[in-house]
Chemist: 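Questions regarding the structure given below will be posed in turn.
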Amino acid sequence: MEIRTRFAPSPTGYLHIGGARTALFNYLFARQHKGKFILRIEDTDMARSTEESTQAILDGMQWLGLNWDEGPYYQSKRFELYKEHAYKFLEMGKAYKCYCTPEELEQRREEAIKQGKPPKYDGRCRNKKDEPGKPFAIRFKVPHGTTLVKDIIKGNVAFENDEIEDLIILRSDKTPTYNLCVVVDDATMEITHVIRGDDHLNNTPKQILMYEAFCYSVPVFAHLPMILGSDKTRLSKRHGATSVMAYKEMGYLPHALVNYLARLGWSHGDQEIFTMEDLIEKFSLENVGKSSGVFNPEKLLWLNQHYLKEGKIEELALLLIPFLEAKGYNAPADKRLPNIVKGLQERAKTLVEMADSAEFYFKEDIVYEENAAKKFLTPDMAALLDILIDRLHTLPAFTHEAIEAVFNDITNEKTIKLGKIAQPVRVALTGRTVSPGIFEVIETLGKETTIARLKKASAHCLLTH
RNA sequence: GGUCCCAUCGUCUAGAGGCCUAGGACGGAGCCCUCUCAAGGCUCAGACACGGGUUCGAAUCCCGUUGGGACCGCCA
């Protein structure tokens, strides 16, 4: 039998971290079993669903590389199907019309809570006669007994049906509710494995009861533990960025996020670094933990740094361009880009950071950091810089090796340490005390720019002190 | 309040009754390397929530306590 999984977000906001992990696990499971991964948009709440949200979710998934095989299906386009199912239940005597108004129900709920009783619907309309002309909602008749949820992650969980109220499946305006829609969709879309957050565990017995009432086969369930914020409450905006696309903007690599999310709640021995192929091969629901996990931005940052460090220069260059362009630099036309990336890739934790560090390559006039200039561009350095200018000027081949040789000559002649001259040169060329190796900076910057900046620095040495 | 879920370093986790003096990773501290910053290498600190059982033997199985979380809508 073909394995079919689905991701079913409701379009009431962007794709968030938790949703992305759910989508990822569904994706990995389907791919591993050569099955299908289906995307379904649960937009039955017309008031809260927006097209922008739908697009944001699609964008997020595409960025992460979670490509779906079918869909997106929209529940809003399947209302007739749900309605049919609800009325079929009515005919079968497995549901009934409820004439209570939302106001009455709300009032009774408040009273029950005040008296410390469970706010459960009392089933008063179960045996009522039809009242033609009066508006009604349709409620599913929950039978007596026990319902067992067999969950791959949580194990067997038993629920007493008497604890479950007769839930509304069709509102009085004839729109369907969530629990009916999921069951009808998962059944008709032939979903074999329902992998979702464990906030749905309590809904599962209701759904199983409906599958059984329809004589549909019940899928396998796997309820993923929640992702929490640093204070161990459910992850939310308070905990910082929770939108997947926010990480794109902050200069994260999609695979870093995928790798991080995969390891949050799932493990494969001591392995930390996984390619997508690795994940597809090694993922298993059996190795998903039961307990909720705290989202740790530091570890994600480490992974991002790791993939930046290991990444192919050409690919990183392409990814870096938008960040450079955002700063107003015409990066695509710049032939130095590969060298720039090469020098920066193991020094940056994000693409944003990389673009920041790359600024001195693009700026016409670099500005010295105040403390850096004060410390390194001192009067006694002017002569040394002049010697360097002279020697670089006459250098036939402007290569890393040749440049290094020039520096070696000077430090030998003057019996000084390399640091003595390297730091002032660094400040002269970049304005900062931190940069890639000084020889590669000089090589990448080129003879003309290097000498111009050194001259300016030499003058600065004498000027300000 | 009711129902359900969960519990190993600060965090993510390994652990399937003896391989555990509890392993790895992030983060932290330190040392080495070094033209700066990174990267890299090495070292250190750091956990089985608590209490009872079961067993020759428990992080691992059972019960309870405590603590955390989720759900209880004509939301999804």
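In what follows, every chain begins at residue 1, and chains take the letters A, B, ... in the order their sequences are listed. In this text, all values refer to a predicted model and were calculated from it rather than measured experimentally.
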Chemist: Assess, by modelled atom type and distance only, whether the side chains of A/T378 and A/D380 contain a donor and an acceptor separated by less than 3.5 Å.
Modeler: yes
Chemist: Measuring only the C1' atom in each nucleotide, how far is B/A59 from B/A7? A whole number of Å is fine.
Modeler: 12 Å
Chemist: Run A/Y178 and A/H200 through ring-ring contact (aromatic ring centres under 6.0 Å, His included) and show every step you take.
Modeler: CA-CA 11 Å; A/Y178 167 72; A/H200 287 285; 5.7 Å; yes
Chemist: In whole Å, what is the span from the NZ atom of A/K299 to the C1' atom of B/G10?
Modeler: 13 Å
Chemist: Looking only at atom P, what distance separates B/A76 and B/C71, rounded to whole Å?
Modeler: 15 Å
Chemist: Considering heavy-atom distances to RNA chain B, does A/K154 or A/K206 have its closest nucleotide positioned more toward the 5' end?
Modeler: A/K154
Chemist: Report the nucleotide, chosen from B/C5, B/C75, B/G10, that has the shortest atom-to-atom distance to any side-chain atom of A/N296.
Modeler: B/G10
Chemist: Is the distance from OP1 or OP2 of B/G73 to the nearest side-chain N or O of A/R109 less than 4.0 Å?
Modeler: yes
Chemist: Using a cut-off of 4.0 Å on non-hydrogen atoms, how would the nucleic acid contact of A/D43 be classed: base, sugar-phosphate, or nothing?
Modeler: nothing
Chemist: Could you verify whether a donor N or O on one side chain and an acceptor N or O on the other, from A/Q423 and A/K375, lie under 3.5 Å apart?
Modeler: no
Chemist: I'd like the P distance from B/C44 over to B/A25, given in whole Å.
Modeler: 13 Å
Chemist: With no hydrogens and no angle check, do the side chains of A/H223 and A/D151 hold a donor and an acceptor under 3.5 Å apart?
Modeler: yes
Chemist: By nearest atom, which of the nucleotides B/A39, B/A76, B/C12 is closest to the A/Q305 side chain?
Modeler: B/A39
Chemist: Please report the distance separating the C1' of B/G15 from the corresponding atom of B/G51, rounded so that it comes out in whole Å.
Modeler: 24 Å
Chemist: Go through B/C74, B/C26, B/A76 for me and flag the one nearest to the A/E298 side chain.
Modeler: B/C26
Chemist: Taking the six-membered ring for Trp and the full ring for Phe, Tyr or His, determine whether the centres of A/W266 and A/F283 are under 6.0 Å apart.
Modeler: yes
Chemist: Starting the side chain at C-beta, find the nucleotide from B/C5, B/C12, B/C71 nearest to A/R234.
Modeler: B/C71
Chemist: Taking atom types as modelled, is there a side-chain donor on A/T430 or A/R453 under 3.5 Å from an acceptor on the other?
Modeler: no
Chemist: Please name the nucleotide paired to B/A39 by Watson-Crick or G-U wobble geometry with both distances under 3.5 Å, or report none.
Modeler: none
Chemist: For B/A76, take OP1 and OP2 only and decide whether either is under 4.0 Å from a side-chain N or O of A/T44.
Modeler: yes
Chemist: Side chain of A/N202 only, heavy atoms from C-beta on: which candidate in B/A39, B/C75, B/C71 is closest?
Modeler: B/C71
Chemist: Between A/S435 and A/R426, do the side chains contain a donor N or O and an acceptor N or O under 3.5 Å apart?
Modeler: yes
Chemist: Using a distance-only test with no angle check, is there a side-chain donor-acceptor pair under 3.5 angstrom linking A/H268 and A/N287?
Modeler: no
Chemist: Identify, residue by residue, the members of residues 163-173 of chain A with a heavy atom below 4.0 Å from RNA chain B, and return them in order of residue number, or none.
Modeler: A/E163, A/E165, A/I168, A/R171, A/S172
Chemist: Under 3.5 Å for both donor-acceptor distances, Watson-Crick or wobble: does B/A25 have a partner, and if so which one?
Modeler: B/U11
Chemist: Whole angstrom is fine here: how far is it from CZ in A/F407 over to P in B/C35?
Modeler: 12 Å
Chemist: So A/H223, base contact, sugar-phosphate only, or nothing? Heavy-atom distance under 4.0 Å.
Modeler: nothing
Chemist: Could you tell me whether the phosphate oxygens of B/C6, OP1 or OP2, come under 4.0 Å of any side-chain nitrogen or oxygen in A/K290?
Modeler: yes
Chemist: A/I153 CD1 to B/C4 C1': how many Å, rounded?
Modeler: 16 Å
Chemist: Which one, B/A76, B/G24, B/G40, comes nearest to the side chain of A/E272?
Modeler: B/G24
Chemist: Determine the Euclidean distance between corresponding C1' atoms of B/C9 and B/A29; express it in Å to zero decimal places.
Modeler: 15 Å
Chemist: Checking base pairs now: Watson-Crick or wobble, both atom distances under 3.5 Å. What partners B/C19?
Modeler: none
Chemist: With the side chain of A/S267 defined as its heavy atoms from C-beta on, choose the nearest nucleotide among B/G10, B/U13, B/C71.
Modeler: B/U13
Chemist: Write down the partner of B/U60 under the Watson-Crick or G-U wobble criteria, each distance required to be under 3.5 Å.
Modeler: none
Chemist: Could you tell me whether the side chain of A/E346 has a donor or acceptor atom within less than 3.5 Å of a complementary atom in the base of B/G40?
Modeler: no
Chemist: Taking OH from A/Y260 and P from B/A25, how many angstroms apart are they, rounded to a whole number?
Modeler: 17 Å
Chemist: If the P atom of B/G1 is compared with that of B/C61, how far apart are they to the nearest Å?
Modeler: 29 Å
Chemist: Heavy atoms only, 4.0 Å cut-off, all strands: where does A/F159 land among base, sugar-phosphate and nothing?
Modeler: sugar-phosphate
Chemist: Nearest to the A/R347 side chain among B/G10, B/U36, B/G24, which nucleotide is it?
Modeler: B/U36
Chemist: Give a yes/no on whether any side-chain N or O of A/K232 is located under 4.0 angstrom from OP1 or OP2 of B/A7.
Modeler: no
Chemist: Indicate whether the side chain of A/H306 and that of A/N259 have a donor and an acceptor atom separated by less than 3.5 Å.
Modeler: no
Chemist: Under a 3.5 Å limit for both distances, which nucleotide forms a Watson-Crick or G-U wobble pair with B/C33, could you say?
Modeler: none
Chemist: For A/M226 and B/C4, what is the distance between atoms CE and C1' respectively, to the nearest whole Å?
Modeler: 13 Å
Chemist: In the strands shown, is B/G2 matched to any nucleotide by a Watson-Crick or G-U wobble pair with both distances under 3.5 Å, and which?
Modeler: B/C71
Chemist: Does any donor atom in the side chain of A/Y247 or A/N304 lie under 3.5 Å from an acceptor atom in the other side chain?
Modeler: no
Chemist: Check every strand shown and say whether A/D45 touches a base, only sugar-phosphate, or nothing at a heavy-atom separation below 4.0 Å.
Modeler: sugar-phosphate
Chemist: Check every strand shown and say whether A/I438 touches a base, only sugar-phosphate, or nothing at a heavy-atom separation below 4.0 Å.
Modeler: base
Chemist: With a cut-off of less than 4.0 Å, is there a side-chain N or O of A/K120 near OP1 or OP2 of B/U3?
Modeler: no
Chemist: Within the 4.0 Å heavy-atom criterion, would you say A/T233 contacts the bases, only the backbone, or no part of the nucleic acid?
Modeler: sugar-phosphate
Chemist: Is it the case that A/D43 and A/Q75 place a side-chain donor and acceptor less than 3.5 Å from each other?
Modeler: no
Chemist: For nucleotides B/C56 and B/U13, find the distance between their P atoms and express it as a whole number of Å.
Modeler: 36 Å
Chemist: Would you check if there is a donor-acceptor pair between the side chains of A/Y260 and A/H255 at a distance under 3.5 Å?
Modeler: no
Chemist: For B/C48, which nucleotide in any strand shown is its Watson-Crick or wobble partner with both distances under 3.5 Å?
Modeler: none
Chemist: Output the single nucleotide from B/C35, B/G27, B/C5 whose closest atom is nearest the side chain of A/L201.
Modeler: B/C5
Chemist: Who does B/U54 pair with, Watson-Crick or G-U, both distances under 3.5 Å?
Modeler: none
Chemist: Within the 4.0 Å heavy-atom criterion, would you say A/S435 contacts the bases, only the backbone, or no part of the nucleic acid?
Modeler: base
Chemist: For A/K309 and B/G40, give me the distance from atom NZ to atom P, rounded to whole Å.
Modeler: 4 Å
Chemist: Across the strands shown, which category fits A/P225 at heavy-atom distances under 4.0 angstrom: base, sugar-phosphate, nothing?
Modeler: nothing
Chemist: Send over the distance from A/D231 CG to B/U11 P, rounded to a whole Å.
Modeler: 12 Å
Chemist: Could you state the atom-to-atom distance from CH2 of A/W302 to P of B/A38 in whole Å?
Modeler: 18 Å
Chemist: Have a look at A/G437 and say if it touches a base, only the backbone sugar-phosphate, or nothing, with a 4.0 Å heavy-atom cut-off.
Modeler: base
Chemist: Considering only B/C75, B/A7, B/A14, which nucleotide approaches the side chain of A/D270 most closely?
Modeler: B/A14
Chemist: Reckon A/C98 touches a base, only the sugar-phosphate, or nothing at all at heavy-atom distances under 4.0 Å?
Modeler: nothing
